[in-house]
Amino acid sequence: MSSPAIEVRDLRKSYGTHDAVRGIDFEVARGEVFGLLGPNGAGKTTTVEVLEGYRDRTSGEVSVLGFDPGTRPRELRSRVGIVLQAGGMYRFVTVREAVTHWARLYPHPRDVEEVIAVAGLQEKADARVRTLSGGQARRLDLALALVGDPELIFLDEPTTGFDPAARRAAWDTIRSLRDLGKTVLLTTHYLDEAQELADRVAIIKAGRILAIGRPAELGVGALTRARVTWRDEDGRVQEREVEDPTRLVHDLTAAALAHGGTVAELTVSRPSLEDVYLELTADAAADAPIPPVPARA
Amino acid sequence: MPDALTLGWHQYRLERRMFWRNPSAAFFNFVLPLLFLFLIGAIVSGDQDALDVIVPGIAGMSVLSTTFSALAMNLVFLREQGVLKRMRGTPLPSGAYLGALAANAVTNAAIQVTIVVVSGRLFFGTGWPEDYLELVVFVVAGVACLAALGVAYSHLIPNFDSAPAFVNVVFLPVIFVSGVFFDAEDAPAFLRDIGRALPLTHVIDGLSGAMVTGASLADNAGSLGVIALWGIGGAVLAIRGFSWDAKRS
Ligand SMILES: Nc1ncnc2c1ncn2[C@@H]1O[C@H](COP(=O)(O)OP(=O)(O)OP(=O)(O)O)[C@@H](O)[C@H]1O
Ligand SMILES: [Mg+2]
């Protein structure tokens, strides 16, 4: 169990002259939920599909459960579950038929009805795939990825198109996978999703990893400064960024108390993952030196 | 790990079920050769020589449409929809999957040839086949060859929208020069030569031998050779250029 589930060393992938992935390194430990976060075209799907064995890499080393995914060994495919960003399905098959059929393809499948329930598709179990809504079809994708009881699950934007309730339910499913000791590699555009689910996150842009670490650490590590905001006596919102807010807050509150007043709408906040993400992926920042971020957790 | 044969069987069952789930497509699939048979049968009515050409000809056309045309269209559709890509991520061996798709096409070919043979006997005076072994050998060889060519041809078709045009531009000329509707020997020399170079003419020769003329397997050995050559070439190209993903990397 000690070797990582996924190891990526200096992975590069070019499409013709376009370098989609430009030398990335990361590891995903067994039992870890790892998030790849980045804007459109960052190279998330390219990276994940190299690890799934769909795409050849241009250079670099990758290992998935100890296998080279480029050779697509059948044993690896039976131990991995995949939710593609866009995957098609037989149009006339019903949900239950599809899950039942997929279960047959794996050596130790989960119970079909249980998986349908986990995906929240009980009411649609006998519906044909082409009658499913976008979000329901996505839930079927999740069911098909889980029915083989894989130890490693790739989820490429698994909750895109979900309504809020379905997203929460999918999060619970993914958390339950972690509780079962499964390893999960997921990509997402949703910062709250990464923050909620991932043990560690890599922020990727233009084929490079800009920051990697625990979501909470990334917030603190990237921008150590605190933001203090309040409304001044003229009713204007004031905002200061300081290394240590103690002094500023003390001065503000002391001055207010001296006049027998209050500091209106006083807040002290640390940057969230969202702030870090926006800062790192802002266009101006793309070519600037990478901010001081711990490169590894 | 479930073995490849069992998985291929499950996949074949799924493909069959999906085929019948689209009843109108299934219906037209089987009605089309009959429609041809009855229309042309009516036109040449009473002319037994012409009927003796048309019945095996339509049987050969059925083999072409259920294997070459259907597989090429189906594969382009599955590729474009992303079904091929999804299947590729499962432990289902590629060979078992493609074998199941081919077996599905073969089943349709067998059903259609049976329908044509029975109709020939009942309505067009062609009698029961004289040589069942020859019939089976040529149906099997034709199916294998034309299925391989259909898979290979699917690689040339860029997307599903253009698939019917791509398929028909081969299907229609081939059925004309291969002697589906008239005896290929009566055609102008250059058309006859083209027809003789193509596999369908030889499939029809074999079927005709089995059903009508009495030419034996030994007489038609050369035809079997041509079919085999096309089949081997088709199989090599089918495997070589295969793409599981509409977005090639
Ligand atoms: N098959 C392909 N051929 C050519 N270029 C490609 C191919 N696939 C991806 N690209 C390009 O590589 C870059 C990275 O694409 P990728 O799909 O990995 O991005 P992504 O991070 O998954 O984006 P999104 O969030 O939009 O899904 C993009 O610029 C894309 O246009
Ligand atoms: Mg993507």
Side-chain angles (χ1 to χ4, degrees), chain A residues 13-16 18 20-21 45-46 48-58 69 72-94 97-98 100-109 128-130 137 140-141 144-145 147-148 150 153-154 156, chain B residues 1-27 29 73-101 104 159-160 163 239 242-249:
Chain A
K13 171 70 182 176
S14 308
Y15 300 105
H18 176 69
V21 173
T45 297
T46 301
V48 170
E49 292 199 352
V50 166
L51 296 173
E52 292 164 345
Y54 282 114
R55 305 194 193 199
D56 297 327
R57 55 191 186 267
T58 305
R72 304 182 59 260
R74 196 169 159 216
E75 192 195 331
L76 177 60
R77 283 184 280 144
S78 71
R79 289 165 59 187
V80 161
I82 296 173
V83 170
L84 292 166
Q85 182 165 5
M89 197 52 207
Y90 290 89
R91 289 172 306 161
F92 298 105
V93 77
T94 70
E97 282 171 339
T100 305
H101 182 68
W102 253 245
R104 290 202 181 105
L105 306 180
Y106 292 85
H108 308 292
R128 291 188 184 183
V129 163
R130 63 177 191 157
L140 176 61
D141 291 339
L144 297 180
V147 73
I153 301 117
F154 292 103
D156 197 352
Chain B
M1 186 91 67
D3 67 279
L5 213 60
T6 309
L7 292 184
W9 170 246
H10 287 314
Q11 188 66 39
Y12 169 76
R13 299 265 312 274
L14 182 74
E15 300 295 335
R16 284 319 288 165
R17 203 176 312 166
M18 293 307 109
F19 175 77
W20 289 113
R21 271 288 147 88
N22 196 358
S24 55
F27 177 74
N29 187 40
M73 301 267 282
N74 203 5
L75 275 173
V76 173
F77 183 74
L78 294 173
R79 188 180 74 206
E80 186 158 302
Q81 291 287 305
V83 177
L84 290 187
K85 186 171 180 179
R86 187 197 292 270
M87 299 311 300
R88 189 141 169 90
T90 72
L92 179 65
S94 309
Y97 182 55
L98 295 178
L101 291 184
N104 179 42
N159 52 59
F160 189 65
I239 293 166
F242 204 88
S243 169
W244 295 85
D245 194 348
K247 287 190 255 167
R248 293 154 204 250
S249 55

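In what follows, chains carry the letters A, B, and so on, assigned in the order in which the sequence lines appear, proteins first and then strands, with residues in each chain numbered from 1.
- Residues A:Tyr106 and B:Gly89 share a closest heavy-atom pair of OH-O, 4.3 Å.
- By the side chain to side chain contact (heavy atoms under 4.5 Å, CB included) test, A:Asp141 is found to be paired with A:Val83, A:Arg138, B:Arg86, residues two or more places apart in sequence or in another chain being considered.
- Under the side chain to side chain contact (heavy atoms under 4.5 Å, CB included) criterion, A:Arg130 pairs with A:Arg91, A:Phe92, not counting sequence neighbours.
- Judged by distance alone, the side chains of A:Tyr90 and B:Glu15 do bring a donor and an acceptor atom under 3.5 Å apart.
- In this structure, the separation between CZ on B:Arg13 and NE2 on A:His101 is 10.5 Å, given to the nearest 0.5 Å.
- Atom NE2 in B:His10 sits 13.5 Å away from atom CH2 in A:Trp102 (nearest 0.5 Å).
- Among A:Leu76, A:Ile82, A:Leu84, the residue making the largest number of heavy-atom pairs under 4.5 Å with chain B is A:Leu84.
- Contact count versus chain B (heavy atoms, under 4.5 Å) is highest, among A:Glu49, A:Glu52, A:Arg72, for A:Arg72.
- Closest approach of A:Arg55 and B:Lys85 over heavy atoms only: NH2-NZ, 4.4 Å.
- For B:Tyr97, the part sitting under 4.5 Å from any heavy atom of chain A is the side chain, from C-beta outward, and nothing else.
- Chosen from A:Arg128, A:Arg79, A:Arg104, the residue pairing most often with chain B at heavy-atom distances under 4.5 Å is A:Arg104.
- Between B:Arg21 and A:Thr94 there is a side-chain heavy-atom pair separated by less than 4.5 Å.
- Residue contact with chain A, scored on non-hydrogen atoms closer than 4.5 Å, is absent for B:Glu80.
- Ranking B:Leu92, B:Thr6, B:Leu78, B:Val83 against chain A, the residue ahead of the rest is B:Val83, based on heavy-atom pairs under 4.5 Å.
- For the options B:Thr90, B:Leu84, B:Leu7, heavy-atom pairs under 4.5 Å to chain A are most numerous at B:Thr90.
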query: Does the pair B:Met18 and A:Glu97 meet the rule for a side-chain contact (heavy atoms from CB on, under 4.5 Å), with working shown?
result: CA-CA 11 Å; B:Met18 293 307 109; A:Glu97 282 171 339; 4.0 Å; yes
